[in-house]
Visitor: 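Pasting in a structure now, in structure tokens, and then I'll have a few things to ask.
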Number of protein chains: 2
Amino acid sequence: MHKTKINNELIDTDSYKDVAKLLSPLRAKSRTQEVLEALVGMIAEAGLEIGDQLPGETVLSEQLGVGRSTIREALNRWEGLGLVKRRRGSGTYLTANIRPARGLVSTETTLESEGLLRIVDVRRTLEVEVVRRAAINATEAQKQRILSGFEKLKTVVASGMMWRNVDQAFHTEIYEASGNAIFGRIILDLDDAYHAAKFRDSPFDNPEFGVRSVLAHGDLCNAIVAGDAEAAVRAISIILDHVVDEIREMSETDK
Amino acid sequence: MHKTKINNELIDTDSYKDVAKLLSPLRAKSRTQEVLEALVGMIAEAGLEIGDQLPGETVLSEQLGVGRSTIREALNRWEGLGLVKRRRGSGTYLTANIRPARGLVSTETTLESEGLLRIVDVRRTLEVEVVRRAAINATEAQKQRILSGFEKLKTVVASGMMWRNVDQAFHTEIYEASGNAIFGRIILDLDDAYHAAKFRDSPFDNPEFGVRSVLAHGDLCNAIVAGDAEAAVRAISIILDHVVDEIREMSETDK
DNA sequence: TGTTACCAGATGTCTGACAACTTGTAAAGT
DNA sequence: ACTTTACAAGTTGTCAGACATCTGGTAACA
């Protein structure tokens, strides 16, 4: 069996499934996540409202081309969040208004940099709180994961490769260490909205930006491990300042 | 409507479900719920803490005598509430302190209120920032809208009507006055999630809560109009404290 | 010594099957 | 004409087994 090193990951080059992955490396999302997004789209398009019944599990699984277990995992997640109510022998019913996420950064608010800056603005509020808590609450195991995440980020950035996924993994460790996973979930949503708006025309990472902010990432990492909340807040502020700079530069050089 | 005397009690015989409920009220729990309670017991007994790894799915399913799918449904539910983190290829890890229900409170209610408190926690971070900015940035026209929104809220609460929509409209005015609408967008999403989870079975407002917090709403309103950011922050904190109290009361009185 | 290759264990997904429940409807009975 | 019963179709709940995919550690190799 042949293995090849790509993006710092061992990849099986014998099965062409993995080759396909090379062509579209953005599909890192889990099947369940994709199903959830597809469901949101379906609900919006079909105009379903509170109380309406969703199609059966078998119908959904056939239509989306995934197993019934996967559909069930997605729907059960939603029931846990109170978005749907499942009745055995009857069906699954909407119990809340489900809005497609595109509202965050939709069509008209993407007026160049303005929308991006607003997103970063909200993100800063959340990130500051998260790193403060992470510095206080992180367990030893979590600190270890944060450290190794940073090491991975450093090597990827140094090699000039796409670092967004690695960066996101690094920050996810911090969100988890904060003690309230909902912060992380919202920030990741904001991040998705940000990149969807930013990379509309050129969907590639900026290598230079990675080099610039990797230093601050190191400070952030050390501050959390050392339990220094205020230093962590300073570090994340610097990182977000770099993001703001990036947006400004982009809006200046771009047309 | 037919009534029949059974065991010296008048019972509605139109639906024999009620009779069956009298005979076996213990079998109402689903397998998944039993699994969740068993897991809570195991975690408490084993003394697992945040960051610790749970036994594998196969081990749990064998030990509890249920299928692996059932275990997965339970654990996925927990992940949705942010109580555990599942890592593919690695394992399932605790991300919150899970305590067994005591006294009359059901395990389900305990876990649910835990999730609600996390939502309010995130919301507090955002709301504090929003009202601070609103107090600083609000224009005269926006202050006027906030004032009239509060007047409407006062009359609706006093009349004992459903006040949720009016309350949401009042807060929306504040979100807009903050100068960054994305804050409001996210808070409204959180509000939806909160109500969907909280009012899963009884979709009604609590009139008493409205009366209690309308005073703080007045303080918030005046502080923003006066441009006093710190007073506004204090007022919104009191409002959110009331929400937390409400959750606590619910999980104590619930059977 | 450091890289590589491999292995065990864990979660993710799919398939097929059956159980349990709900609901509507047609048949049977009065 | 009305009520009761029985049944069928549709839906979610649970189980078993299999394979895919990922993670972390270990042993072999250069």
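Nothing here was measured: the structure is a model prediction, and the numbers come from that model. Residue numbers begin at 1 in each chain, while the letters A, B, ... track the order of the sequences.
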Visitor: From D:dC15, D:dG13, D:dG24, pick the nucleotide closest to the side chain of A:Arg145?
Guide: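 It is D:dG24.
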
Visitor: Take the protein atom CG of A:Leu36 and the nucleotide atom P of C:dG12, then report the distance between them rounded to whole Å.
Guide: 14 Å

Visitor: Which sits closer to the 5' end of DNA chain C, B:Asn76 or A:Tyr93, going by the nucleotide each is nearest to?
Guide: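 It is B:Asn76, whose closest nucleotide lies nearer the 5' terminus.
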
Visitor: Find the distance B:Glu34:CD to D:dG13:P and express it as a whole number of Å.
Guide: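 Checked: the CD to P distance equals 15 Å.
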
Visitor: Given side chains that start at C-beta, do those of A:Ile239 and A:His217 come closer than 4.5 Å, heavy atoms only?
Guide: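 With C-beta onward as the side chain, the pair touches.
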
Visitor: Counting side-chain heavy atoms from CB outward, which of C:dC14, C:dT13, D:dT14 is closest to B:Glu73?
Guide: D:dT14

Visitor: Between the protein and nucleotides 7-10 of chain C, list the N/O to N/O atom pairs that are separated by less than 3.5 angstrom.
Guide:
from: C:dG9; atom 1: N2; to: B:Gly89; atom 2: O; distance (Å): 2.9

Visitor: When the nearest nucleotide of DNA chain D is assigned to B:Ile71 and to B:Arg68 on a heavy-atom basis, which residue is associated with the more 5' position?
Guide: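 Per heavy-atom nearest nucleotide, the more 5' residue is B:Ile71.
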
Visitor: If you measure only the distance, is there a donor-acceptor pair under 3.5 Å linking the side chains of A:Asp191 and A:His171?
Guide: no

Visitor: Do A:Leu75 and A:Leu54 have side-chain heavy atoms sitting under 4.5 Å apart?
Guide: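 Result yes, sub-4.5 Å side-chain heavy-atom pair found.
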
Visitor: Roughly how many Å is it from CG in B:Leu60 to P in D:dT14, rounded to a whole number?
Guide: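 Those two atoms, CG and P, are 16 Å apart.
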
Visitor: Hey, does the Lys NZ or Arg CZ of A:Arg87 hover above the aromatic six-ring of A:Tyr93, less than 6.0 Å from the centre and inside 45° of the axis?
Guide: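 A:Arg87 over A:Tyr93 ring: yes.
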
Visitor: Nearest-Å distance, CZ (A:Arg72) to C1' (D:dA16)?
Guide: 15 Å

Visitor: Rounding to a whole Å, what distance do you find between B:Arg77:CZ and D:dT12:P?
Guide: 14 Å

Visitor: So that I can tick it off, tell me whether A:Arg77 and B:Glu73 are bridged by a salt bridge, with the cut-off set at under 4.0 angstrom between side-chain N and carboxylate O.
Guide: no

Visitor: CD of A:Glu79 versus P of D:dT11: gap in Å, rounded?
Guide: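 Rounded to the whole Å, the gap is 17 Å.
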
Visitor: When you look at CD of A:Gln53, are more than 12 heavy atoms from neighbouring residues, nucleotides or ligands closer to it than 6.0 Å?
Guide: yes

